[in-house]
Amino acid sequence: QLQLVESGGGLVQPGGSLRLSCAASGFSLDNNAVGWFRQAPGKEREKISCISSNGLFTIYADSVKNRFTISRDNSKNTVWLQMNSLKSEDTGDYYCARTTGGCRNQRALFGSWGQGTQVTVSS
């Protein structure tokens, strides 16, 4: 199956930073917008960011805006999520997925979900 691979999670203190990676192997992301999602224990999955196929358009959920930055390098077939000023409520499992729709399409379907990477923010 075609799956993305997330990495870079770990344990960090409040106020710290992490950089997550989302890599595609064996297929191209050139024609796909890519979204980052997270799921905290006992809560529904939340879409937190999205980047257009060419990297020129990005969106962020209010919960992470001004703290997280999404970027991509299509030559490396990779998307990153830089997370700064982390809070305890950022704790959860983080996933990336691709869509043939655009970031501005609220009904776009995402696929190629990976196994996720765990982020824990705790003192």
message = If we ignore hydrogens and angles and just use 3.5 Å, is the side chain of Asn31 paired with the main-chain N or O of Thr100 as donor and acceptor?
response = no
inquiry  = Test side chain to side chain contact (heavy atoms under 4.5 Å, CB included) on Asn84 and Gln82; report intermediate values, then the result.
reply    = CA-CA 7 Å; Asn84 298 327; Gln82 178 68 46; 3.0 Å; yes
key: From Leu20, Thr58, Asp90, residue fulfilling side chain to side chain contact (heavy atoms under 4.5 Å, CB included) relative to Phe68   = Asp90
query = Val12 and Leu81: same hydrophobic cluster, using ILVMFWY side-chain contacts below 4.5 Å?
reply = yes
request  = Locate the shortest heavy-atom distance separating Arg72 from Ala33; write the atom from each residue and the value.
outcome  = NH1-CA, 4.2 Å
inquiry  = Is there a side-chain contact between Ser17 and Met83 in this structure, where contact means two heavy atoms from C-beta onward sitting under 4.5 Å apart?
reply    = no
ask   = Can you get from Val79 to Leu109 by hopping between Ile, Leu, Val, Met, Phe, Trp and Tyr side chains that sit under 4.5 Å apart?
value = no
remark   = Closest heavy-atom pair, Trp36 versus Ser21, reported as atoms and distance to 0.1 Å, is CH2-O, 3.6 Å
ask   = Sub-3.5 Å donor-acceptor pair from the side chain of Asn77 to the main-chain atoms of Phe27, do we have one?
value = yes
Exercise: identify the closest heavy-atom pair between Gln115 and Tyr95 = O-CE2, 3.5 Å
task = List the steps, then state whether side chain to side chain contact (heavy atoms under 4.5 Å, CB included) holds for Lys47 with Ile59.
result = CA-CA 10 Å; Lys47 183 181 179 181; Ile59 60 170; 4.3 Å; yes
query = Is the cationic atom of Arg98 (NZ for Lys, CZ for Arg) positioned less than 6.0 Å from the six-membered ring centroid of Phe110 and within 45 degrees of its normal?
reply = no
inquiry  = Grouping I, L, V, M, F, W and Y whenever their side-chain heavy atoms are under 4.5 Å apart, do Leu18 and Val34 come out in a common cluster?
reply    = yes
ask   = Roughly how far apart are Asp62 CG and Ile48 CD1, rounded to 0.5 Å?
value = 13.0 Å
message = I need the full list of disulfide bond (SG atoms under 2.5 Å apart) pairs touching residues 70-99, with sequence neighbours left out, sorted by first then second residue.
response = Cys22-Cys96
inquiry  = Measuring from atom CD of Glu44 to atom CD of Gln39, what distance do you get when rounded to the nearest 0.5 angstrom?
reply    = 8.5 Å
inquiry  = Under a 3.5 Å distance rule, please check whether Tyr60 uses its side chain to pair with a backbone N or O of Ile70 as donor and acceptor.
reply    = yes
task = Look only at the side chain of Asn74 and the backbone of Ser53, and say whether a donor-acceptor pair between them is shorter than 3.5 Å.
result = yes
key: Geometric cation-pi criterion, Arg38 with Tyr94: 6.0 Å, 45°   = no
query = Just by distance, do the side chain of Thr120 and the backbone of Leu11 share a donor-acceptor pair under 3.5 Å?
reply = no
Nearest heavy atoms of Ser123 and Pro14, plus distance in Å = N-CD, 3.7 Å
request  = Verify the cluster assignment for Val64 and Val119: are they in a single hydrophobic cluster under the rule of side-chain heavy atoms below 4.5 Å apart?
outcome  = yes
request  = Please examine the side chains of Leu29 and Leu4, heavy atoms only from C-beta on, and report whether any two atoms are closer than 4.5 Å.
outcome  = yes
inquiry  = So does Ser85 get a backbone contact from the side chain of Arg67, meaning a donor-acceptor N/O pair under 3.5 Å?
reply    = yes
ask   = Between Ser52 and Phe57, is there a donor-acceptor pair closer than 3.5 Å when you use the side chain of the first and the backbone of the second?
value = yes
task = Please confirm whether the backbone N or O of Lys76 pairs with a side-chain atom of Thr78, one donor and one acceptor, at under 3.5 Å?
result = yes
ask   = For the residue pair Gly101 and Ala108, what are the closest heavy atoms and their distance?
value = CA-CB, 4.4 Å
inquiry  = Before you tell me yes or no, could you show the steps for Asn54 and Asp30 under side chain to side chain contact (heavy atoms under 4.5 Å, CB included), namely the whole-Å CA-CA distance, both residues' side-chain angles and the distance that decides it to 0.1 Å?
reply    = CA-CA 7 Å; Asn54 60 11; Asp30 288 352; over 6 Å; no
query = Using 30° and 60° as the class limits, which term best fits the ring planes of Trp113 and Phe37: parallel, tilted or perpendicular?
reply = tilted
key: side-chain hydrogen bond (donor to acceptor under 3.5 Å, both in side chains) between Gln13 and Ser122, intermediate numbers included   = CA-CA 5 Å; Gln13 293 185 337; Ser122 177; over 6 Å; no
